[in-house]
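Each remark here refers to the structure printed beneath this line.
As the structure lists them, so they are numbered: ligands from 1, and atoms in each ligand from 1.
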Amino acid sequence: MNISAKTKFCIIIGNPVDHSLSPLMHNAAYKELGIDHKFVFLGTNTEVKDVKKITDAMRVMKNFRGLTCTIPHKIEIVKYLDEIDEVAKKIGAVNTVVNSNGILKGYNTDWVGAITPIEKITSLKNKRIAIIGAGGAARAIGYGVLFKDAKLTIFNRTGEKAFQLGNDLGCPSQKLYEVKDLRDFDIIINATSVGMKPQENIFPFPENFIQKNHIVFDIVYSPYETLLLKTAKKIGAKIIHGLDMLLHQGSAQFELYTNQKAPIKVMEQALLYSFQINNT
Ligand code: ATR
């Protein structure tokens, strides 16, 4: 056991957070780089009403290096920080807080997490993207694809939320159930919670919208391969797993916390191993 009074700690907060894979991914990376005496990553369930108290604690606990925020804290945290990175400000949500001697700065790494796996397959410039969903995840991904000069349309079950997000991002939007097909799009991104328990047996949009020439990206990472991705794969479409987004938002975050290059392969293997998938 290498942990000492000098060890810096990072914590993921959210509700619920018990099943978060962030501690596993970050601790595997610390071990790989031999810095597991310098850093440790933990997690704790937290109520929204207590988020301010956590930022107060960070200011007085100088070894409290990083705070990872997940649902439902990404918006609430913004008002308690000293500085907010420009991109996070535009997105309006923070998933990463870095503590530098009591000064708290917020970042958003979700958008990088989403665009990195897409750009491994194709350039985003001028690609026609359909995002399904209008919550926090859709907002960060929408920002990311527009930043990369893609052409975005937002579709959502609740029309009002689609229009609001379309308005904020400056792109077209439509109520999901008015859509007849998605043949005019290159990339379809599911940014809803459909596909995750207890909605693991339903589709976020009609199954017959998927075509062979689509790239289908599901942000849901548990199960590892959702019904949507399994179906898209059968049809012959290219697929991107939600775990890739988790990995890349996590590696960007790792670099902000440690100022070291993230050992992505090791982080990926730790995540895949937790789903008992071996890609070595
Ligand atoms: P997050 O911050 O993770 O994006 P959220 O803000 O709760 O989470 O957003 C969840 C998204 O999933 C919403 O776009 C929601 O649609 P509504 O705005 O209509 O609620 C979408 N969603 C959840 N369950 C859905 C379902 N069964 N069918 C279609 N969309 C669904």
Can Ala134 be said to touch ligand 1, with heavy atoms closer than 4.0 Å?
-> yes
Do Tyr224 and His241 have ring centres separated by under 6.0 Å?
-> yes
Atoms of ligand 1, numbered as shown, that sit under 4.0 Å from any heavy atom of Lys161 = 17 (P), 18 (O), 20 (O)
Only one of Lys127, Lys125, Lys148 clears salt bridge (Lys or Arg N to Asp or Glu O under 4.0 Å) with Glu119; which?
-> Lys148
Do any N/O atoms on Thr192 end up under 3.5 angstrom from N/O atoms on ligand 1?
-> no
Contact (N/O only, under 3.5 Å) between Tyr177 and ligand 1 | no
For atom 24 (N) of ligand 1, the protein heavy atom that lies nearest, with its residue and separation = Gln199 NE2, 3.3 Å
Would you confirm whether any non-hydrogen atom of the protein falls under 4.0 Å from atom 18 (O) of ligand 1?
-> yes
Which atoms of ligand 1 have any heavy atom of Ser193 under 4.0 Å away?
-> 12 (O), 23 (C), 24 (N)
Step-by-step salt bridge (Lys or Arg N to Asp or Glu O under 4.0 Å) determination, Lys105 to Asp85 | CA-CA 7 Å; Lys105 181 163 180 177; Asp85 160 76; 5.2 Å; no
Whether Tyr30 and Phe41 hold their rings parallel, tilted or perpendicular, with breakpoints at 30° and 60° | tilted
What do you reckon, does Ile71 have a nitrogen or oxygen under 3.5 Å from a nitrogen or oxygen of ligand 1?
-> no
Protein contact of atom 16 (O) of ligand 1 - nearest heavy atom, named by residue and atom, plus distance | Asn156 OD1, 3.3 Å
For Gly133, the atoms of ligand 1 under 4.0 Å from one of its heavy atoms are 14 (O)
Would you please say whether a donor-acceptor pair under 3.5 Å links the side chains of Asn126 and Lys151?
-> yes
Protein heavy atoms: any of them under 4.0 Å from atom 7 (O) of ligand 1?
-> no
Between Lys53 and Asp50, does at least one N-O distance fall below 4.0 Å, as a salt bridge requires?
-> yes
Examine Gly136 against ligand 1 and note whether any of their N/O atoms are separated by less than 3.5 Å.
-> yes
Report the relative orientation of the aromatic rings in Tyr257 and His26; use parallel for angles under 30°, tilted for 30 to 60°, perpendicular for over 60°.
-> tilted
From Leu67, Val48, Ile54, residue fulfilling side-chain contact (heavy atoms from CB on, under 4.5 Å) relative to Ile77 | Leu67
the protein heavy atom lying closest to atom 31 (C) of ligand 1 turns out to be Arg157 CZ, 3.7 Å
Ring centres under 6.0 angstrom apart (Phe9, Phe64) = yes
Name the closest protein heavy atom to atom 5 (P) of ligand 1, giving the residue it belongs to and the distance to 0.1 Å.
-> Gly135 CA, 4.1 Å
Sub-4.0 Å atoms of ligand 1 with respect to non-hydrogen atoms of Val194 = 24 (N), 25 (C), 26 (C), 27 (N), 28 (N), 31 (C)
When the aromatic ring centroids of Phe205 and Tyr177 are compared, is their separation below 6.0 Å?
-> no
Is atom 29 (C) of ligand 1 close to the protein, meaning a heavy atom under 4.0 Å from it?
-> yes
